Structure formats: C-alpha cells, structure tokens
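In this text, all values refer to a predicted model and were calculated from it rather than measured experimentally. Basis for what follows: all heavy atoms, side chains included, without hydrogens, waters or symmetry-related copies. Both counts, for ligands and for their atoms, begin at 1 and track the order of listing.
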Amino acid sequence: MSRIRVVVLPGDGVGVEVTRAMQHVLEAVARRYSHELDLEEYAVGWNAYDSSGTPLPDETLEACLKGPAVFLGAVGDPRADRLEPGVRPESALLRLRSELQCFANLRPAKVDKELVRMSALKPEIAGGCDLVIVRELTGGIYYGTPRGREGSRAVNTLVYDEAEITRVAEVAFQLAGNRRRHVTSIDKANVLEVSQLWRSVVEDVGARYPDITLEHMLVDRAAMELVTAPSRFDVVLTSNLFGDILSDEASAMCGSLGLLASASVGGEVGLYEPVHGSAPDIAGRGIANPIGAIRSGALMLSHSFDLHIEAEAIEKAVQQTLANGLRTADLAGREDNPVSTEEFAHAVAEAVV
Ligand code: IPM
Ligand code: MN
C-alpha cells in the first residue's frame with residue numbers, strides 16, 4: 001500500500017471539470033489497489049487572482065514545493081486579457097514550472113486505434129503513430145531576459161546554455177532507450193545561433209548513447225513531416241516554444257487536443273497537466289474531454305509514485321471505454337451520441353480492473 005499525496009490545482013475553465021474527472025478515476029484506482037489517497041486542493045490562475053490578487057498565492061506554491069506530485073487542470077480566462085503579463089494566469093504556470101525545476105515536459109501522442117477515424121490525417125498516415133515530444137520547459141524564449149514593452153517596441157530573448165540543453169537531451173535519450181531508439185532533435189539551426197548550440201550539445205549527449213539514432217530536423221520541415229509522415233518520429237526533442245507549437249499539432253493527428261497528457265519532470269516534484277488550455281468557449285458545460293487529464297493522472301502514478309501497474313490500469317480503462325463506444329463531443333461523429341465529461345469519467349472509473 002502506498003500513500004498517494006497530490007497537490008491538486010484545478011485552475012480555470014474546463015480545468016476544473018477535467019480535474020474532477022481525473023480525481024474520480026484516481027479514487028477508483030486507489031480503492032482497487034488499496035492505496036491511500038491524499039489530495040489537497042489549492043487555487044491557481046484567474047480564480048486565485050480574482051480572490052487574492054495573485055495568480056500563484058504563496059500557500060499554493062509552498063504546498064507544491066512539498067510535492068511529491070502536483071496535478072494542474074488548466075489556467076487562463078478572457079477576463080485576464082487586460083492584465084499585465086506578470087499577473088496573468090499563465091504567469092502562474094510558468095513560475096510554477098520554473099520553481100519546481102520541471103525542465104523536461106513529456107507529451108506522448110499516440111493514435112488510438114479506436115480514434116483513427118477522428119484524426120485530422122488520413123487513416124493510413126495516422127494509424128499506428130506513436131511519438132513522445134520532450135519539450136524543454138523552464139528556459140528559452142519563455143523565460144529569457146531582457147523582456148518587456150517599451151513604447152512602440154517589445155522584446156523577448158531566446159537564450160539557452162549548455163547545461164540546460166544537456167539535461168533535457170539526457171531525458172530524451174533515456175526515454176528513447178525504452179522505446180524505438182530514435183531521437184529527432186528539432187531546431188532552427190539555419191538561422192539561430194541558439195539552435196546551433198542546441199544541435200552541437202545534443203550531438204555530444206547522443207554520442208554517449210551509441211545504440212540510439214539521432215537525427216536533426218529544422219522546425220519548419222518538422223511541422224510538415226508531422227502531418228505527412230508522423231510515423232517517422234519516436235522521441236522528439238525540442239525547445240520550449242517549438243515544443244508548445246508542435247504538441248498542439250501532434251494532437252490533431254490523435255483526433256483532439258483533449259486527448260493529450262503531459263508529465264513535467266526533472267526536479268524533486270513532478271507536475272502533471274493535460275496539454276489543452278482552459279477552453280473558455282466550452283467551460284462550465286460539462287462537455288470537455290477528460291482523457292488528457294485522466295492520462296496525466298496515469299503519468300503521475302508511474303513517474304512520481306512508481307505505480308506502473310496502476311498507470312497501465314488507467315490506460316486500459318480509457319481504451320476500454322473508447323472501445324465501448326463512449327465519446328465526448330469533441331470526438332463524436334455525426335452518428336454518435338456524446339456523453340458528458342462526468343459520464344465519461346465514471347465509465348473509465350468503472351472499467352478500472
Ligand atoms: C501549454 C500551454 C502553456 C504554454 C500556456 C498556457 C502558458 O499552452 O502548456 O502548452 O505555452 O506552455
Ligand atoms: Mn500549448
């Protein structure tokens with residue numbers, strides 16, 4: 001029996017709904033495998049700003065730093081558009097990632113056989129695709145200084161040092177060792193000095209993993225290959241901004257942004273969040289797809305608690321629920337009758353064996 005202690009940050013919009021769904025599945029797993037669940041909830045994002053004037057209150061950050069795992073639904077609200085960047089809900093997420101030193105963000109994108117039909121790609125191209133994006137998460141243009149606005153100009157800075165590139169590359173090569181042994185490192189080395197450094201550091205790390213093949217690819221070409229030949233990718237290693245963009249693109253291959261999960265690792269505490277945002281356009285209607293959140297819960301069990309069988313049980317339960325024909329609105333074809341976020345989560349919880 002383990003104690004599964006999780007700091008839960010539902011956040012904004014559909015983040016709240018998918019977090020409930022994930023919790024429901026986690027409770028089922030804890031019951032089935034006799035673990036003790038200890039979930040502590042804190043505010044983050046717009047709702048935290050609205051009630052306390054800051055999107056990341058001290059007590060939230062302190063709880064997260066204690067770990068060992070943090071689950072976050074989503075942050076963001078249109079009412080925050082008028083705010084300064086430093087107090088916008090997104091800044092809470094960026095600060096949290098940085099404070100927790102979660103420098104490697106793993107975003108698996110696998111096309112479910114049940115959902116090939118929903119892929120934005122032709123079935124013969126999408127079928128069987130299975131890749132993981134390893135996105136550098138605590139550096140690059142998201143964090144570089146100087147940054148800011150000055151009259152008619154605005155500045156952001158893209159900066160990486162060797163140590164930041166080395167540590168995230170190590171994560172990618174290690175992951176590839178347990179997969180199909182192929183790393184594609186994505187950059188813009190034909191234009192950016194930072195990418196030239198990125199390329200040479202990744203090359204050096206790769207030399208220590210002789211049984212893993214490494215290829216470098218420019219980001220524009222990668223964006224094209226992801227939709228024309230996605231099966232050529234196994235582990236995709238890239239910087240913060242490129243990884244952000246390419247992971248949304250990869251989600252179209254899978255059928256919906258709502259499907260993708262993520263694990264942010266590297267520090268003492270793991271941070272787990274679905275790849276999608278707070279989706280204000282559909283928030284509060286109970287129609288969000290909870291699969292990305294539920295799968296993030298599975299990643300949490302395996303990465304932060306070493307509960308691999310339990311994580312596998314969640315994945316199987318999701319597969320079973322899809323095989324039984326249940327679909328949330330984003331995945332429903334014309335002939336399907338969509339179920340709610342809650343109905344889907346209840347079905348997954350019941351399918352946990
Ligand atoms: C993501 C999101 C965030 C990011 C936003 C909300 C700051 O798009 O996790 O992909 O850009 O990292
Ligand atoms: Mn994103």
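In summary, R199 and D204 do not engage in a salt bridge, as defined by a charged side-chain N under 4.0 Å from a carboxylate O. A salt bridge between E124 and K122 is absent, with no side-chain N of the basic residue lying under 4.0 Å from a carboxylate O of the acidic one. The existence of a salt bridge linking E170 and R208 is confirmed by a sub-4.0 Å separation between a basic side-chain nitrogen and an acidic carboxylate oxygen. Salt bridge E315/R295: present, at least one basic N to carboxylate O contact under 4.0 Å.
Shortest contact from atom 1 (C) of ligand 1 to any protein heavy atom: R107 NH2, 3.3 Å. Protein heavy atom in closest approach to atom 8 (O) of ligand 1: D244 OD1, 3.3 Å.
Residue R97 holds the heavy atom nearest to atom 9 (O) of ligand 1 of all those in E90, R88, R97.
Residue contacts with ligand 1: H276 is excluded, as none of its non-hydrogen atoms falls under 4.0 Å.
Polar contact with ligand 1: present for Y142 (N/O pair, distance under 3.5 Å).
A donor-acceptor contact closer than 3.5 angstrom is absent between the side chains of E342 and H24.
Using cut-offs of 30° and 60° for the angle between ring planes, the Y272 and H303 rings count as tilted.
For a distance bound of 2.8 Å, the N, O or S atoms of D244 include one lying that close to the Mn ion (ligand 2).
Taking a cut-off of under 4.0 Å to the non-hydrogen atoms of R135, the atoms of ligand 1 that pass are 1 (C), 4 (C), 9 (O), 10 (O), 11 (O), 12 (O).
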